[in-house]
A.B. asks: 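Just dropping this structure here.
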Amino acid sequence: MKRVKIIFLVSLVSLLTLGFLLLYIRNIINVHAVKTNSTISLASLAEKNDLKIGSEFDPNYAFHQSLNFDNTYTAILLHEFNLIVPGNNFKMKLIHPEQSRYDFTVTDMIVDFALEHHMDIHGHTLIWGNPKSLPKWLQDNSWKIPGRPDRDVLIDILKNHIKTIVGRYKGKVKAWDVVNEAFCDPANHAHKWSVPCIVIDGKKGGMDASVWRTVIGPEYIEIALQAAHEADPDAYLYINDNNYESINSPKSDKIYSFVKDLIERKVPINGVGQQMHIPLDAVDFSQYDRVISLIQQNFRKFNDLGLDMIITELDVRIKKSLFGPSDTQLKNQAKVFASMLKICMDSKCPSFTVWGFTDKYSWIPGHKKGYDYATPFDDKLRPKPAYYSLQEILKIKE
Ligand code: G3I
């Protein structure tokens with residue numbers, strides 16, 4: 001009996017060792033595949049199309065000095081993309097942690113890194129009402145000055161914040177999300193991020209009840225754009241938002257009339273950003289052509305105002321499974337990535353950015369329960385069908 005047990009254990013250990021060995025060899029082959037397949041990089045194809053192809057970027061993995069430095073991540077980032085978008089470092093909470101103190105340590109490193117590697121930087125984001133991006137001092141009312149109207153004080157804070165940052169990186173950061181997620185999604189009206197939306201003229205689809213909107217009023221957006229323009233007249237200025245991909249949806253209509261009014265009053269604005277965080281299971285593939293046409297028409301409508309419409313945060317998340325994504329899911333995901341890139345390339349859309357290029361470091365599993373696999377490279381940094389679909393679209397226009 002004892003002998004049988006020993007034989008069983010030895011066989012089990014051998015099988016496991018063989019399994020691990022095979023997995024290891026497969027990974028080596030795949031890493032090799034990353035290098036060989038990517039000789040025609042997305043960036044080199046994009047350059048020919050006059051397009052900036054970007055990725056959200058986390059400096060934790062990209063700087064040699066960092067404990068988390070990831071050589072393969074950095075190599076792919078530098079090879080495949082010509083634009084980086086720091087996911088968090090420009091947010092007020094990190095760059096302006098105390099009212100009288102800015103912290104440029106990381107953003108300076110990012111800007112130097114990008115310039116050294118001849119990449120553009122899209123600054124995300126100067127003003128965002130979400131408490132997650134606000135420093136404590138702005139949330140606990142310690143900024144108020146007794147005897148001065150709160151509105152005046154907050155306008156000064158907003159202007160100084162923008163002028164300090166945009167001024168510091170003048171000529172280096174070429175484009176900014178000046179204001180992020182200022183508008184409300186009527187479908188998500190009650191509580192978007194724990195603060196209720198404001199109803200304008202009794203209608204849903206107004207603006208978020210952020211400290212900026214509540215204390216200053218909707219004018220905070222034009223004050224922000226104006227301040228950014230004064231600090232760097234050559235910078236491209238965007239307002240960035242989510243869930244308004246389709247033409248004539250209530251949120252798209254709201255943003256359209258808002259920016260149209262800005263243009264008519266000659267407020268400096270170059271365009272609007274479409275975030276596009278898309279759950280694959282929400283895409284209606286039975287009416288795919290119609291869905292795509294509605295998005296295309298929305299791009300055209302904003303373009304007709306003379307504005308860029310850029311894609312700023314694309315990812316396509318898939319329901320998590322023990323066995324990973326199925327081939328069909330990956331194929332459908334690739335189709336969505338390709339369609340969005342095609343729409344961008346057929347429009348006045350100078351940049352196309354994915355919100356992280358690899359599942360290894362994606363924000364999705366940590367923030368969207370039950371979802372994963374949202375980016376064009378898997379968690380081992382191997383290209384997925386979505387990567388090749390982007391390559392194909394870029395080649396059509398080569
Ligand atoms: O760095 C700290 C770490 O020190 C700490 O231990 C840890 C504990 O929670 O938090 C870490 O910070 C987190 C940070 O991401 C970096 O990972 C913050 O808690 C977390 O709130 C932050 O989430 C970011 C989120 O915006 C809120 O700012 C996501 O990474 C980022 O991908 C996400 O990006 C937003 C865009 O800015 C706007 N559009 C939507 C998009 C997705 O939500």
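Both counts, for ligands and for their atoms, begin at 1 and track the order of listing. Note that these values count all heavy atoms, side chains included, but never hydrogens, waters or copies made by symmetry.
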A.B. asks: If you count the non-hydrogen atoms of other residues, nucleotides and ligands that lie under 6.0 Å from CG in Asn141, is the total more than 12?
C.D. replies: yes

A.B. asks: Side chain to side chain contact (heavy atoms under 4.5 Å, CB included) with Lys174: which of Asp232, Asp234, Ile121, Asp120?
C.D. replies: Asp120

A.B. asks: Going by an N to O cut-off under 4.0 Å, is there a salt bridge joining Lys331 and Asp327?
C.D. replies: no

A.B. asks: What residues join Phe69 in its hydrophobic cluster, counting side-chain heavy atom gaps under 4.5 Å, either direct or through other members?
C.D. replies: none

A.B. asks: Give the residues near ligand 1 by chain and number, with the criterion being a heavy-atom distance under 4.0 Å.
C.D. replies: Asn88, Lys91, His124, Trp128, Lys132, Asn180, Glu181, Gln275, His277, Glu313, Trp355, Trp363, His367

A.B. asks: Which residues pass the ring pair (Phe, Tyr, Trp, His ring centres under 6.0 Å) test with Tyr256, not counting sequence neighbours?
C.D. replies: Phe302

A.B. asks: Identify, with sequence neighbours excluded, every residue that meets ring pair (Phe, Tyr, Trp, His ring centres under 6.0 Å) alongside Trp137.
C.D. replies: His96

